[in-house]
Enquirer: 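One structure, pasted below without further comment.
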Amino acid sequence: VITQSAAAMSEALVKGEVTSTQLTQAHLDRINDVDSSVKAFLHIDAEGALAQASRVDADRSAGKKLHPLAGIPLALKDVLVQEGIPTTAGSKILQGWKPQYDSTVVSKIKEAGIVILGKTNMDEFAMGSSTENSAYGPTFNPWDLSRTPGGSSGGSAAAVSAYEAPLAIGSDTGGSIRQPAALTGIVGVRPTYGAVSRYGLIAYSSSLDQAGPFGRTVLDTALLHDVMAGHDSKDATSINGAFPDVVAAARKGDVKGMKIGVIKQLQGEGYQTGVQARFDESLQVLASLGAQIVEVDCPSFEYALAAYYLIAPSECSSNLARFDAMRYGLRVGDSDGASAESVMNATRNAGFGHEVKRRIILGAYALSSGYYDAYYGSAQKIRTLIIQDYAKAFSQADVLVSPTAPTTAFKIGEKSNDPIAMYLGDVATIPVNLAGICGMSLPAGLADEDGLPVGFQIMAPAMQDARLYQVGSALEAALVSQWGGHLISKAPALGGSK
Amino acid sequence: MSISYDDVVAKYDPVLGLEVHVELNTESKMFCSCSTVFGGEPNTQTCPVCLALPGALPVVNARAIESTIKIGLALNCSIAPYSRFARKNYFYPDMPKNFQISQYDEPICFDGYVDVEIDTDEGPKEFRIEVERVHMEEDTGKSLHVGGATGRIHGADYSLLDYNRAGIPLVEIVTKIVPGTGKYAPEVARAYVAELRDILRGLGVSDVKMEQGSLRCDANVSLKPMGSDVLGTRSETKNVNSLRSVERAIRGEMIRHAELLDAGKKVKQETRHFQEDTGLTRSGRSKEQAEDYRYFPEPDLVPVAPDAAWIEELRKALPERPSLRRKRLKQEWNVPDKEMAAMVNADVLDIVEATVLLGADPTKARSWWLGEISRIANDKEVSVTELAITPADVAEIVALVNKGELTDKLARQVVEGVIAGEGTPAQVVAKRGIKVVNDDGALMAAIEKVCSEQAETAQKVRDGHIPAAGALIGAVMKETKGQADAARVRELLLGHLGQNS
């Protein structure tokens, strides 16, 4: 049952072939079997999950009208606060903190009757692309346990890839949903900035952060996306308008007559041979389905990475200031006579990891008097140029495409000591965040040289998230029929019963 | 060594700069829906947003924006069609986010002015204070340092934090430098803060209680040698919690600066704290190394872009300017300058006007509020508005006196009763059995009794020594428990003793 899509599980629940309690227990068993090797979860809330499952089962027996995803289990990235459930954002500084409130995303999924299995591992405060920066140790890629699942939402991606959950939620500040989805052979979507409330999403970079869904199919991802999106008066940057029907788009799956723009700057040199090959083949598939492939030029993308690594650290240097030992989380050095200042210093020194400190220092520097214009100011100008590049490109194409990441999953430790190499892995995903638009990664096959999954990225203008699902679904259908099943079914078996 | 104020202003020209922080009286905080009521139990008016729990986000209070625009309009400012919030980054335990949401290079209101009038040796003179900007920000929490002698952070055993105040909307009103006030600098500063307070109160946007901190003034002072164009180094004095303190603090700083300069020393650029007891300032944080607040646009909030038509609506709805109102009331009530100033200083103008509007004669209304009621308020060390007596009560008492149902003396008992919480004037009159004795028979009985008891004095009056009647009248009043009409007693007494008046 656990290898089914969420949509299939939903049908089985509706037909009464399975109960949510059974479904939830099956996933808890799977977690019990394989998570000691995958390490996707930081906290498993078996009790809460089973309680929610039995509520849904009771409601179903009582004939109440339920959401299609009611009773379906889900893995939640530890960056979203959930009342009473330990939430750490992968950091030691929040060890032991139990939130006093639910994030808006959590409220919405609870309301839909979705069952939260637990909190998943992540790079500390979502800073990283491999989940190796978690204070609680790395997560391992279910396709090859010696490799990273990508990051920062590596725990969520690995959980879905390893059948520990059919659905998961991640957050994407520079590619943190799309890149791990690509590296673990599943589907991940970063919605339009402002489409999903950030209330209760522990902030890394406020102007770039956005929570989004993971699934093993495009339709599953759309079903979860639909639950998460919507206006929220608690988030001033939340969009108040008509939201696109992503589920209908995923069911439609048609590219006939659509113009698909290939971004010149996001392919070729620097992209692994097998990644480029699967990308090119996917383009041919789309063309065979009736899409028109055009090439678009986005010259400012060259500076996207540099701009991102100024804006995100700048915002994080301020966002992470609240972790000061005064009200919650870790407190270090609080001995007799210690001043508040020395406690703050000692706590932050002990509680933050290297990458977090690196970015705080970088950001504080970029914002400091005398350097602001040269760094933060210039980065904002590049951001404007990238938005203009996209506007021009979208005047020539309905969606834009690229490989999601330049490489397949890399070895644990391979890039840990080379931050620049690690940062370069985000080159294709970052422009979407800087422009506040939406993007999807879906499986495009396995690279010949290493047999690991390759991600295909689709980008659409703000609030045109439905286009991602329409194109993604069409491509998925064609590829699945070519492969004779979803790519994920080709993953090697893990220890447990599959 | 010491230098007199006259010597200071003969030699130096003061330059002022005033920053006033105003707590708005919105029901909820600047960025969350927590209550802003003053004096709640510590940390009972908090939520994830104002405690800066991970993941919480600010949302701007629309009423606070409206209030700020009203303030800007009342101070003759331009209103920015587009302005942004910015983060001011610094660590302090009573600031939950360790940054303050403020406005930096894009304030919502800018370039205004306030005219104030003060008495000078040459008669009343008007000074124009130019306003550089009016911007919105949020207040911090409060630290309570326990142990140690000073109640300050240094030497304290531990500190307690109360976040009820964290996130209360603050408006900061910053003047441009104010030159050319000469020896009147302290009075001009006081008049400016008083005028601001009256304007804000008139707008109804703040409680403007300096003693509760809802209006706080930081005074920047520098001196330059007479005739020089070069500005001196300034000090910034905080903790100035009354109008009188504004004046004292500036005068004190002028003298302190002059002493330093005369001794060939330099004035340090620093924050100083005003000491209410001594009237002096003590050194606080040095500002020689400018702090780097790493301001940047607040990414969690969208820009403020008020609709032009809405701004015009607010402009049209502005109340009468306090200085104009004072002129109008002075004329309508026909009050001499000195009396008008006394009312303004005692802060009873609003309450007197309210009493007059309820039908009381302006002179009587003024004399009650400024006299008996102010005296009681002083004794209790509260302001008249905090007493349990309202303009309606005073108007009722004035009416009872006019109808002859109360004498002035009885009316004072009624005022006391109302303030003591015994009810409305009518209720106090009923409860205490207060009534004017105007039964001539009863009065005559009392007069006869007194005259026989004090036969010697009565004889003096009979002999034509009228002033001696005072003692007899007093005794009669005592006999009738103060409830008699003194004028009638006098009439009857003099008649009784053969002195027809």
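Each chain gets a letter, A, B and so on, in the order its sequence line appears, and its residues count up from 1. No experiment lies behind these values; they were computed from the predicted model shown.
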Enquirer: Measuring from B/N98:CG to A/D324:CG, what's the distance to the nearest 0.5 Å?
Expert: 4.5 Å
Enquirer: Does any heavy atom of chain B fall under 4.5 Å from the side chain of A/L94, the backbone, both, or neither of them?
Expert: side chain
Enquirer: Given 3.5 Å as the limit, does a donor-acceptor pair link the side chain of B/D292 with the main chain of A/S369, or not?
Expert: yes
Enquirer: Do you know which two heavy atoms are closest between B/P93 and A/M326, and how far apart they sit?
Expert: CB-SD, 3.9 Å
Enquirer: Pick one of side chain, backbone, both or neither for A/F323, based on which atoms fall under 4.5 Å of a heavy atom in chain B.
Expert: side chain
Enquirer: Could you pull out the closest heavy-atom pair between B/P54 and A/Y101, with the gap in Å?
Expert: O-OH, 2.7 Å
Enquirer: For a quick test of reading the model, state the closest non-hydrogen atom pair linking A/Y199 to B/A56 and the distance between them.
Expert: CE1-CA, 4.0 Å
Enquirer: For chain A, which residues from residues 299-309 of chain B lie under 4.5 Å away (heavy-atom distances)?
Expert: B/P299, B/D300, B/L301, B/V302
Enquirer: Write out all pairs satisfying salt bridge (Lys or Arg N to Asp or Glu O under 4.0 Å) with one or both partners inside residues 24-44 of chain B, taking only residues at least two apart or from two chains.
Expert: none
Enquirer: Looking only at non-hydrogen atoms, find the nearest pair between A/R327 and B/K97 and report the distance.
Expert: NH1-N, 4.2 Å
Enquirer: Are there over 12 heavy-atom neighbours, none belonging to A/E111, within less than 6.0 Å of that residue's CD?
Expert: no
Enquirer: I need the residue from A/D209, A/I202, A/V343 with the largest number of non-hydrogen atom pairs under 4.5 Å to chain B.
Expert: A/I202
Enquirer: Starting at OG of A/S314, measure out to CZ of B/R294 and round the result to the nearest 0.5 Å.
Expert: 9.5 Å
Enquirer: With only heavy atoms counted, which part of A/S103 is less than 4.5 Å from chain B, the side chain, the backbone, both or neither?
Expert: neither
Enquirer: Looking only at non-hydrogen atoms, find the nearest pair between B/V59 and A/S233 and report the distance.
Expert: CG2-O, 3.4 Å
Enquirer: More than 12 heavy atoms of other residues, nucleotides or ligands under 6.0 Å from CZ of A/R331: yes or no?
Expert: yes
Enquirer: Tell me which of these, A/G363, A/G200, A/A325, has more heavy-atom pairs under 4.5 Å with chain B than the rest.
Expert: A/G200
Enquirer: Quick one: what part of B/Y163 sits under 4.5 Å from any heavy atom of chain A, side chain, backbone, both or neither?
Expert: side chain
Enquirer: Quick check on A/A364 against chain B: is it the side chain, the backbone, both or neither that has a heavy atom closer than 4.5 Å?
Expert: both
Enquirer: Quick check, are the ring centers of B/F296 and A/Y372 under 6.0 angstrom apart?
Expert: no
Enquirer: Can you find a pair of side-chain heavy atoms, one from A/S317 and one from B/F99, that are under 4.5 Å apart?
Expert: no
Enquirer: Pick whichever of B/V60, B/L53, B/L161 has the most heavy-atom pairs under 4.5 Å with chain A.
Expert: B/L53
Enquirer: Tell me whether the count of non-hydrogen atoms from other residues, nucleotides or ligands lying under 6.0 Å of NZ in B/K88 goes above 12.
Expert: yes
Enquirer: For A/Y375, does the OH atom have more than 12 heavy-atom neighbours from other residues, nucleotides or ligands under 6.0 Å away?
Expert: no
Enquirer: If you count heavy atoms of other groups shown closer than 6.0 angstrom to OH of B/Y158, is the number above 12?
Expert: no
Enquirer: Step by step, work out the side-chain contact (heavy atoms from CB on, under 4.5 Å) result for A/E341 and B/F91.
Expert: CA-CA 8 Å; A/E341 196 179 35; B/F91 281 83; over 6 Å; no
Enquirer: Would you please say whether a donor-acceptor pair under 3.5 Å links the side chains of A/N319 and B/R87?
Expert: yes
